[in-house]
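Predicted model only: the values in this text are computed from it and were never measured.
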Amino acid sequence: MGRSRLLILVGKSTDCIVSAIEMYNKPDFRYREEVFCILAINAWELLLKAKVLKDNNNKLANICKKEYQKNKNGEKGREMKYKRTRSGNKLTVDIFTILNQLKGKKKLTLSVTRISKPW
């Protein structure tokens with residue numbers, strides 16, 4: 001059985017922040033501060049998405065963008081579908097949307113007890 005989406009996102013977040021630290025520690029790398037900031041923000045976004053998945057029983061629908069389908073005549077229809085990227089993958093929400101979802105929470109905790117990937 002495969003790993004859950006939650007564990008995949010936590011693993012990617014960990015890999016991303018480790019990559020950010022490695023980039024920052026390179027002695028002769030231009031724009032290392034900028035690259036560090038981008039990767040660190042990406043790591044936080046992945047970690048917050050994992051928190052939303054944990055709170056909502058690992059349902060991907062809570063972090064995916066939805067849009068109304070267009071009718072044949074071009075008008076907005078009633079049914080909603082997942083918005084897709086150019087490659088066909090489901091588009092997920094940005095970090096600000098995730099923060100707004102989690103704003104009402106008093107305490108943000110994410111405890112993952114089992115991680116099968118050795119880092």
query: With distance as the sole criterion, is a donor-acceptor pair present between the side chains of Thr97 and Asp94 under 3.5 Å?
result: yes

Heavy-atom neighbours of Asn73 CG exceed 12 at 6.0 Å: yes

query: Does atom OH of Tyr68 have more than 12 heavy-atom neighbours, drawn from other residues, nucleotides or ligands, at distances under 6.0 Å?
result: no

For Leu6 against Leu53, the heavy-atom pair lying closest together: N-CD1, 4.3 Å

- prompt: Quick one: are Leu102 and Asp55 in side-chain contact, heavy atoms under 4.5 Å?
  reply: yes

- prompt: Looking at Val35 and Met23, what are the two nearest heavy atoms and their distance?
  reply: CG1-CG, 3.9 Å

- request: Answer yes or no: is there a side-chain heavy-atom contact under 4.5 Å between Lys81 and Glu67?
  value: yes

- prompt: Between Arg84 and Lys90, is any pair of side-chain heavy atoms under 4.5 Å apart?
  reply: yes

- prompt: Thinking salt bridges, do Lys26 and Glu22 make one under a 4.0 Å N-O criterion?
  reply: no

- request: Count the heavy atoms belonging to other residues, nucleotides or ligands that lie under 6.0 Å from CD of Glu79, then report whether that count exceeds 12.
  value: no

- prompt: Closest approach of Lys65 and Val93, non-hydrogen atoms and distance?
  reply: CG-CG1, 3.8 Å

- prompt: Looking only at heavy atoms, which two atoms of Leu46 and Leu9 are closest? And how far apart?
  reply: CD2-CD2, 3.7 Å

- line: Closest non-hydrogen contact found for Ala50 with Val10 is CB-CG2, 3.8 Å

Exercise: identify the closest heavy-atom pair between Ala20 and Ala40: CB-N, 4.1 Å

